[in-house]
There are 2 protein chains.
Amino acid sequence: MPLRPTDAEHIRHLSFFRASTDATFDKAIAGGFLQKFPAGTTLLMEGDTVDFLYILLEGSVELGAGWKSKDTTLAILRPVSTFILAAVVLDADALMTAVTLERSEILMVPGESLRRAMKEDAEFCFAVSEELSGCYRGLVRSIKNHKLRDSTERLANYLLTQRARQGGKIEIVLPHEKRVLASLLGMTPENLSRAFLKLQAQGVTVDGARVRLEKVTALERLARPSPLIDNHFAQPRNELGKAHTERQKGLLDGKGSA
Amino acid sequence: MPLRPTDAEHIRHLSFFRASTDATFDKAIAGGFLQKFPAGTTLLMEGDTVDFLYILLEGSVELGAGWKSKDTTLAILRPVSTFILAAVVLDADALMTAVTLERSEILMVPGESLRRAMKEDAEFCFAVSEELSGCYRGLVRSIKNHKLRDSTERLANYLLTQRARQGGKIEIVLPHEKRVLASLLGMTPENLSRAFLKLQAQGVTVDGARVRLEKVTALERLARPSPLIDNHFAQPRNELGKAHTERQKGLLDGKGSA
DNA sequence: AGTGCGGCTTGACTTTTATCAAGCGTCGGC
DNA sequence: GCCGACGCTTGATAAAAGTCAAGCCGCACT
């Protein structure tokens, strides 16, 4: 369905649109539309031509990739997040598959509209560049996480990140199925179970999706979270699940507000 | 030293400057200078404040990162490559350490000049966005390479990529020390040696830095190179259309940025 | 209530990767 | 020339991660 004025007004202040003028905004979303998808819908397969920029407004989306009968999860997005922005800017094929994990509401903006708006409005184009840069840095963090830490350390840091995101309480709730989490962390579901067992020594107890962190300092001693890898302070706002406003100057400690 | 007019004229047509007008170019490189560094110079450490965009004109640079006494190589750059572009756009701290591997010539452009030029010239800003997008996609490829393939498969694909880059001859020359290559491929030097042994069955023989690929089809059967992960066709600029085809970034040697 | 499916866990086992410890060869300095 | 450093290789061993198989539990559906 085409975009209703009330939806447009809502979107007007999200993501990089905040930096745009009204005229540029209209140009950028020209031809865009809102769509709802049920859980499990494949929005885009890797290798597909990319015609739209996607902006997740409700629900959640998994970005993944496969090779030789293996599959892995690269990121899990929550609102408000853009995705496949880089492919849109380059008018190139998708490198990732996008699948809804829940019923989701997604704004689809024609790539051509976005590119035209970028080329005509430097302010807006710069805002998109900032978004791209944030996504890029999210990926750098992800690679460091995978190349420098083993699976138990990745889990420990994931738990601490969730703790920070969920308000620092003693108990957190895993936002996804464990099999999805395992894939995101680059391990098998079996090994995720075993990694949770190992973290019992650091005061981690699991009950379904509820995880209690009884000895945070012990967990931190093992996890050694780093502002150069983890991003506890990010809004869940952009492509690869990491920071949008990269505000880490002077942040050395794992505690902070949302 | 300040930039001489002859240097500026040379740089004028490199990277995203190609898309700029003369006025924007002057603005973008205002305050920039050329500098030569010996091998092994640390240009920037992770966590440092980033004041300049770096553009590698000669030599080679390793981008790496460390955690808990471990270190890894994220990319190896060859001319002409920009690096730490994302940090410059966001005016944020570096997430990677940059070290020269050989004597190198590097153009250093004040971040503030670049950002100002981007904000004033949409065409130029879009070209920078394309560069950022290419870097982003290089990292996506890199993560897929690491999460989906084991170390022998990564080596096999690295060899095939080098073969394509070096003209498809039966013999290739490894462009870096094996210990650097091992770090780039996410393995220890010991395991790199053993991985080469395993590939003898696929016709791979090693003599120092010279590697012969006698049975390419057998090697390809094992490596299963994919255009969604590997980027064999990167370097030569496309003559027809899309001058901004993404070039090899981030992943195995090539262009990159932070 | 019963049934079946899917997600999760656990155990035994295999494969992959890292670690530790030699040993070899090359290169540059003395 | 000799020495020592360093990069690379090889072997033995240990740790990490994946695979296969079985079983449990909760949940939806009949």
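Both backbone and side-chain heavy atoms feed into the values below; hydrogens, waters and symmetry mates do not. Labels below follow one simple rule: chain letters A, B, ... track the order of the sequence lines, proteins then strands, and each chain is numbered from 1.
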Length of the line joining A/H146:NE2 and D/dA16:P, which is rounded to integer Å: 18 Å
One thing to verify: whether A/E153 and B/K68 come together as a salt bridge, which I'm taking to mean a side-chain N less than 4.0 angstrom from a carboxylate O. yes
Nearest-Å distance, CZ (A/R210) to P (C/dC8)? 16 Å
Nearest whole Å is fine: how far is C/dT9 P from A/L199 CG? 13 Å
Here's a test for you: under side-chain hydrogen bond (donor to acceptor under 3.5 Å, both in side chains), which of B/R149, B/R141, B/K147 qualifies with B/N145? B/R149
Should B/R78 and B/E102 count as an ion pair when the cut-off is N to O under 4.0 Å? yes
Between B/R212 and B/E214, does any side-chain N to carboxylate O distance fall below 4.0 Å? yes
Between A/K144 and B/E46, does any NZ, NE, NH1 or NH2 come within less than 4.0 Å of an OD or OE carboxylate oxygen? yes
Parallel, tilted or perpendicular: which describes the rings of A/F33 and A/F52, with under 30° parallel and over 60° perpendicular? perpendicular
Is any side-chain N or O of A/T188 closer than 4.0 Å to OP1 or OP2 of D/dA17? no
May I have the distance from A/L181 (atom CG) to C/dG7 (atom C1'), rounded to whole angstrom? 14 Å
Salt bridge (charged side-chain N to carboxylate O under 4.0 Å, His left out) between B/E177 and B/R179, intermediate numbers included: CA-CA 5 Å; B/E177 288 182 347; B/R179 46 183 284 282; 2.8 Å; yes
Sub-3.5 Å pairs of nitrogen or oxygen atoms, protein against nucleotides 7-9 of chain D:
residue: D/dC8; atom: OP1; partner: B/K178; partner atom: N; Å: 2.8
residue: D/dC8; atom: OP2; partner: B/R179; partner atom: N; Å: 3.0
residue: D/dT9; atom: OP1; partner: B/K178; partner atom: NZ; Å: 3.4
residue: D/dT9; atom: OP2; partner: B/S193; partner atom: OG; Å: 2.6
residue: D/dT9; atom: O5'; partner: B/S193; partner atom: OG; Å: 3.0

Write down the distance between NZ (B/K70) and C1' (C/dT19), rounded to a whole number of angstrom. 11 Å
Atom pair distance, as rounded to whole Å: CG in B/N191 and P in D/dA17: 14 Å
Whole angstroms only, please: what is the CG-P distance between A/L155 and D/dA16? 15 Å
By nearest atom, which of the nucleotides C/dT19, D/dA17, D/dT19 is closest to the B/R194 side chain? C/dT19
Quickly work out the B/L148 CG to D/dA17 C1' distance and round it to whole Å. 15 Å
From the list C/dT19, D/dA16, C/dT17, which nucleotide is the closest neighbour of the side chain of A/D150? D/dA16
